Each structure stands twice: as structure tokens, then as C-alpha cells.
Amino acid sequence: MQPHFAVSTDATLPLHIVEEATLRDQLAALSPAVATWATGMGFTGAWGQVLVLPGADGGLAGALLGAGSAAARRRNRFLLAAGAAKLPEASFALAADLPADLSTEVECFGWLMAQYAFDRYATAKGAKAQLVAPEGIDVARVEAMAAGECLTRTLINTPAEDMGPADLQAAVEALAAQHGAEVSTILGDDLLAQNFPLIHTVGRASDRAPRLIDMRWGHEGPRLTLVGKGVCFDTGGLNLKPGASMALMKKDMGGSANVLGLAHMLMATGQNLQLRVLIPAVENAVSGPAFRPGDILPSRKGLTVEINNTDAEGRLVLADALTLAAEETPDLLISMATLTGAARVAVGADLAPFFTDHEADALTLADSALRAGDPVWRLPFHDPYEAMIEPGIADLDNAPAGGFAGAITAALFLRRFAGAARYMHFDIFGWSQSAQPGRSKGGLGQGTRALFAALPELLATSGAAK
């Protein structure tokens with residue numbers, strides 16, 4: 001689906017944003033009739049509260065949307081999306097500016113995302129109310145962000161039966177066709193012939209062949225490479241997950257879904273860059289050819305990896321893809337993956353942890369995340385923990401014992417394969433556990449809008465990061 005803004009017509013209705021602290025003055029400024037109606041209906045201006053205003057002819061004359069207090073706005077996200085979900089099917093336009101502490105672009109994005117519904121298998125409904133784009137926002141940019149987020153959510157929401165490695169490849173090819181990009185794929189045993197042994201090993205137990213998908217777009221500007229984990233379903237391999245832990249493993253390709261959503265945003269807005277997207281797409285299954293705990297595996301980089309847990313497979317497929325990416329030394333290399341439960345324990349489901357060795361990049365991203373309403377949090381590439389991923393019998397350990405610092409040791413493992421490239425890694429959850437304004441339950445983009453906002457500055461300083 002492609003969420004979009006409405007066109008203003010004579011039927012467009014005013015949407016008044018009302019703050020609790022100035023409720024009485026704002027209502028009085030509208031009209032005595034509106035003030036009487038709002039008071040009689042118990043409208044207080046609480047965050048997300050909606051009151052439809054009747055017209056003299058019995059139709060709709062507009063609506064009030066409570067913005068609550070500044071404290072309430074800090075505790076909640078996407079005020080306009082909360083209103084969209086409660087408003088009747090009609091076209092609305094903001095009657096005045098939003099409170100100063102709310103970003104109009106972020107709020108409009110939230111409204112568009114309130115329209116999202118995953119309806120491939122059963123009827124599902126998003127918000128029906130439409131919004132006329134306020135003056136001053138970049139409509140094409142906001143609609144591109146919403147379309148990219150919809151792509152991410154739909155890819156994650158699609159069950160593994162219909163989103164295996166071949167289906168993920170088809171999704172990349174469809175995106176490439178939309179934007180005039182080029183795609184090549186290395187499939188099955190060709191992975192061995194072309195020296196991608198870790199991708200092949202992780203995926204070889206499935207009857208759905210593993211593959212490395214490579215999309216390129218743009219011929220001028222700085223070089224950006226995005227690498228997304230594409231584990232289309234993760235059983236845990238021979239270290240089989242219990243049923244409760246396997247229930248959401250259709251989302252283990254959330255890293256690839258996120259980089260594809262971000263790629264759409266970049267291509268749709270015509271960014272001046274050379275974009276490459278690499279997705280190692282596999283299914284971590286159980287059968288005779290499955291790799292085993294205790295195996296020592298070669299990698300494209302030449303480093304050997306001892307397997308202490310077959311359920312730590314995401315970092316293996318990313319390792320080969322990162323090695324390939326680093327061979328071109330892009331100006332910026334970013335990986336995104338639903339990688340560790342440790343990241344969720346550390347920061348919860350709502351924050352997207354990221355790692356970088358570059359202080360300026362971390363500051364730029366943090367600032368952009370605040371402006372984009374897309375929260376991230378920096379975790380460290382803590383060098384003293386390097387010893388934890390060095391088992392002695394091989395160069396690297398894919399799952400250090402002890403359980404401490406799991407997100408950090410996974411990130412350190414990946415950094416070994418990023419070479420000399422300027423590197424940033426995101427360990428995302430990719431899932432909304434409950435329906436919230438602008439965020440339906442299910443697949444979720446995390447960190448992509450923060451990156452979309454930050455990338456012009458990050459790429460402008462290519463080669464100069466400290």
C-alpha cells in the first residue's frame with residue numbers, strides 16, 4: 001500500500017489541536033457553540049482525545065484533538081496518528097500549527113502510518129480519515145518515508161511460508177524495478193564456488209536454497225552500502241529453539257526488511273549517492289546437512305569460526321556479506337539485524353541500539369533520531385571484550401559462553417569482517433508488541449528514519465569522521 005495525503009477540497013474539515021493548559025482560551029477562540037459542546041461532551045484536551053464537531057445541517061463541521069500536556073507528549077508518540085484512528089472517514093486539515101514541541105513532519109508521517117494495515121490473509125483496516133498536507137512540509141519526502149516503512153512492515157509480517165529466500169529475492173527485484181536499480185543473486189552451491197561459505201553453511205539444511213542478493217543503484221556521489229540480515233525463518237538449527245522463542249521467527253529477516261525500506265526512501269527521493277544493498281537470505285533449518293555445535297567453519301575473509309551455538313547464525317551470514325561489502329571500501333557501511341536478545345534486555349523493544357567507533361557519526365545520528373522521532377541508543381564497541389570472541393581453537397567464537405554483553409560481543413564479531421570501512425551496526429527488534437498510534441502490532445521499522453535524516457550529513461563527511 002502507498003499512504004498518501006489528501007487533496008484539499010471544499011469538503012475538507014478543520015482539525016483543531018487543543019492543549020490541556022490552554023483549553024478554555026482555545027475553545028473560546030473558536031466559538032461559544034463549540035465551547036459549550038466541548039464542555040458538555042466532557043472534552044478535556046487530554047492527549048489523543050477526539051471530539052467531532054456537528055454542523056448546523058447535521059453533518060460534520062470539524063473535530064478537536066487533544067494534545068494533552070507537554071509531559072504527556074513526551075510519554076507518547078504520534079499524536080496525529082492517535083487522532084486519525086478515532087476520526088470518521090473524512091478529509092481533514094490542521095486548523096493551526098502544532099504545539100512547538102511536536103515535529104510537523106514526524107506527526108504527518110505518523111498519520112500516514114495510521115493508514116497501514118496488513119491485509120494479505122484477512123480483512124484488516126487502517127484509519128480511514130485523510131489529512132491534507134500542511135504547508136511547509138516536503139510531501140514527497142514524507143510519503144517516501146511512509147512507503148518505505150510500509151514495505152518494511154509488510155515484509156516482516158509475511159509468514160515464512162510466503163517469505164522464504166526466493167520470495168525475499170523477488171521483493172528486492174520488485175523494488176529494483178520500481179527505481180531502475182540492478183540486482184544480481186548468487187544461489188545455492190554457487191555460494192561455495194564464489195567463496196561465501198558461511199552463508200551456504202547456515203542455509204544448506206533447508207530445501208529453500210540460500211543466496212546472496214546484491215542490489216545497486218546510482219552512479220555518482222558517495223558510496224553507501226547497507227547489509228541486512230535475511231534469515232527468513234530461524235528454528236535455531238540443531239540448538240533448536242523452544243516453541244515460545246520460535247513463534248516470532250518470521251521476523252528474523254527484519255534487518256533485510258529495514259534496509260529495503262531505507263533503500264526505498266533514498267531512491268524515491270533521488271538522493272545523490274551510490275547505493276548498494278546486500279542481503280544474505282537463508283533459512284536456518286534442521287536436517288541432515290545442518291551445521292553442528294563444535295564445527296569450525298571457514299569464512300570469506302579467511303577467519304575461522306567455532307560454532308558454539310547454531311542459533312547464533314545471523315552473525316555468520318552477515319560476516320560473509322560484510323566481507324564482500326568491505327572489499328569495495330564504501331564511504332559508509334551499515335548493517336541492520338534482528339541479532340540478539342541481549343539488546344532487548346538492555347534497552348527494551350522500543351529503542352534501536354547502534355554501534356559505531358566514530359564519535360561524530362554517533363552524535364549526528366542521535367540528533368537526527370530525535371528530529372525524526374525514531375529513537376536509537378548507542379552501545380559500545382568495547383575493545384576489552386574482544387577476548388570473549390576468541391576461543392583459541394579457531395579465530396572466532398560465534399556464541400561466547402557466560403551470557404554477558406551478548407549484543408556487544410555480537411557487534412565485535414561483525415566488526416572483524418567490516419575491514420577498513422567506516423562502519424555502523426544496528427541490533428533491532430523490528431516488531432511492535434501491541435497496537436499503538438501509528439504502529440500496528442507486528443513488523444516495524446527501527447532506525448531507518450533516523451538514518452534517512454542523518455545520511456546527508458554522514459555522507460557529506462565521508463573520509464573525515466573521527
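For the numbers below, each heavy atom of this structure counts, side chains included, while hydrogens, waters and symmetry mates do not. Model, not experiment: these values are computed from the prediction.
- Nearest approach of L333 to A325, heavy atoms of both residues: CD1-CB, 3.6 Å.
- Using modelled atom types, no side-chain atom of R211 and backbone atom of I186 make a donor-acceptor pair closer than 3.5 Å.
- With sequence neighbours excluded, the residues satisfying side chain to side chain contact (heavy atoms under 4.5 Å, CB included) with A411 are F355, F381, H425.
- Here the side chain of R449 pairs a donor or acceptor atom with the backbone of G373 at under 3.5 angstrom.
- Evaluation of the side chain to side chain donor-acceptor pair (under 3.5 Å) test over residues 434-444, restricted to residues two or more places apart or in two chains, returns D350-R439, Q436-R439.
- Atom CE of residue M215 and atom CG of residue L278 lie 10.0 Å apart, to the nearest 0.5 angstrom.
- There is no side-chain donor-acceptor pair under 3.5 Å between D311 and N239.
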Would you give me the side-chain donor-acceptor pairs under 3.5 Å for residues 385-395, sequence neighbours excluded?
{"residue": "E386", "atom": "OE1", "partner": "R416", "partner atom": "NE", "Å": "2.9"}
{"residue": "E386", "atom": "OE1", "partner": "R416", "partner atom": "NH2", "Å": "2.7"}
{"residue": "E386", "atom": "OE2", "partner": "R415", "partner atom": "NH2", "Å": "2.9"}
{"residue": "E390", "atom": "OE2", "partner": "R416", "partner atom": "NH2", "Å": "2.6"}
{"residue": "D395", "atom": "OD2", "partner": "T304", "partner atom": "N", "Å": "2.8"}
{"residue": "D395", "atom": "OD2", "partner": "T304", "partner atom": "OG1", "Å": "3.2"}

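- By the side chain to side chain contact (heavy atoms under 4.5 Å, CB included) test, Q433 pairs with A349, F429, W431, sequence neighbours left out.
- Of the possible polar contacts, one joining the E149 side chain to the G445 backbone as a donor-acceptor pair under 3.5 Å is found.
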Candidate pair E182 and R216, rule salt bridge (charged side-chain N to carboxylate O under 4.0 Å, His left out), full reasoning: CA-CA 5 Å; E182 299 177 351; R216 292 180 183 267; over 6 Å; no
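- Remark: side-chain polar atoms of N309 are not paired, donor with acceptor, to backbone N or O of A399 under 3.5 angstrom.
- Here the side chain of Q130 pairs no donor or acceptor atom with the backbone of A6 at under 3.5 angstrom.
- The closest donor-acceptor contact from the side chain of T310 to the backbone of G236 lies under 3.5 Å.
- Residue pairs satisfying the ring-ring contact (aromatic ring centres under 6.0 Å, His included) criterion with at least one member in residues 391-417, sequence neighbours excluded, are listed as follows: F413-F417.
- For the 3.5 Å distance criterion, the side chains of N284 and T235 fail to qualify, holding no donor opposite an acceptor.
- Nearest heavy-atom pair, A257 versus I156, reported as atom, atom and distance to 0.1 Å: CB-CG1, 3.5 Å.
- Considering every non-hydrogen atom in both P437 and F78, the closest pair reads O-CD1, 3.3 Å.
- Listed by first then second residue, pairs satisfying ring-ring contact (aromatic ring centres under 6.0 Å, His included) with a partner in residues 265-300 number zero, not counting sequence neighbours.
- Remark: R120 engages F118, T158, D162 in a side chain to side chain contact (heavy atoms under 4.5 Å, CB included) (not counting sequence neighbours).
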Salt bridge (charged side-chain N to carboxylate O under 4.0 Å, His left out) between D331 and R422, intermediate numbers included: CA-CA 6 Å; D331 295 300; R422 182 174 155 207; over 6 Å; no
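- The ring-ring contact (aromatic ring centres under 6.0 Å, His included) contacts involving residues 155-195 comprise H179-H264, where partners must be two or more places apart or lie in separate chains.
- The list of side chain to side chain donor-acceptor pair (under 3.5 Å) pairs with a residue in residues 190-204, not counting sequence neighbours, reads D189-H200.
- Between T340 and A410, the shortest heavy-atom distance links the atoms CG2-CB, 3.7 Å.
- Once rounded to the nearest 0.5 Å, the distance linking CD1 of I279 with CG of L168 reads 5.0 Å.
- Judged by distance alone, with hydrogens and angles left aside, the side-chain atoms of D320 form a donor-acceptor pair with the main-chain N or O of L198 at under 3.5 Å.
- Within the model, atoms CZ of F196 and CZ of R300 stand 3.5 Å from one another, a figure rounded to the nearest 0.5 Å.
- Within the 3.5 Å criterion, the main-chain N or O of G68 finds a donor-acceptor partner in the side chain of R73.
- For CD of E457, the number of neighbouring non-hydrogen atoms (other residues, nucleotides, ligands) closer than 6.0 Å is 12 at most.
- A donor-acceptor distance shorter than 3.5 angstrom exists from the side chain of E107 to the backbone of L79, with no hydrogens or angles considered.
- Between the side chains of N157 and Y116, at least one donor N or O lies within less than 3.5 Å of an accepting N or O.
- Judged as a side chain to side chain donor-acceptor pair (under 3.5 Å), the pairs with a partner in residues 131-143 (not counting sequence neighbours) are, in order, E105-R141.
- Residues that satisfy the salt bridge (charged side-chain N to carboxylate O under 4.0 Å, His left out) test with R344, not counting sequence neighbours, are D427.
- Without hydrogens or angle criteria, T461 side chain to L458 main chain gives a donor-acceptor distance under 3.5 Å.
- Judged as a salt bridge (charged side-chain N to carboxylate O under 4.0 Å, His left out), and not counting sequence neighbours, D167 has no contacts.
- Side-chain contact annotation: T152 with N258, donor-acceptor N/O pair under 3.5 Å absent.
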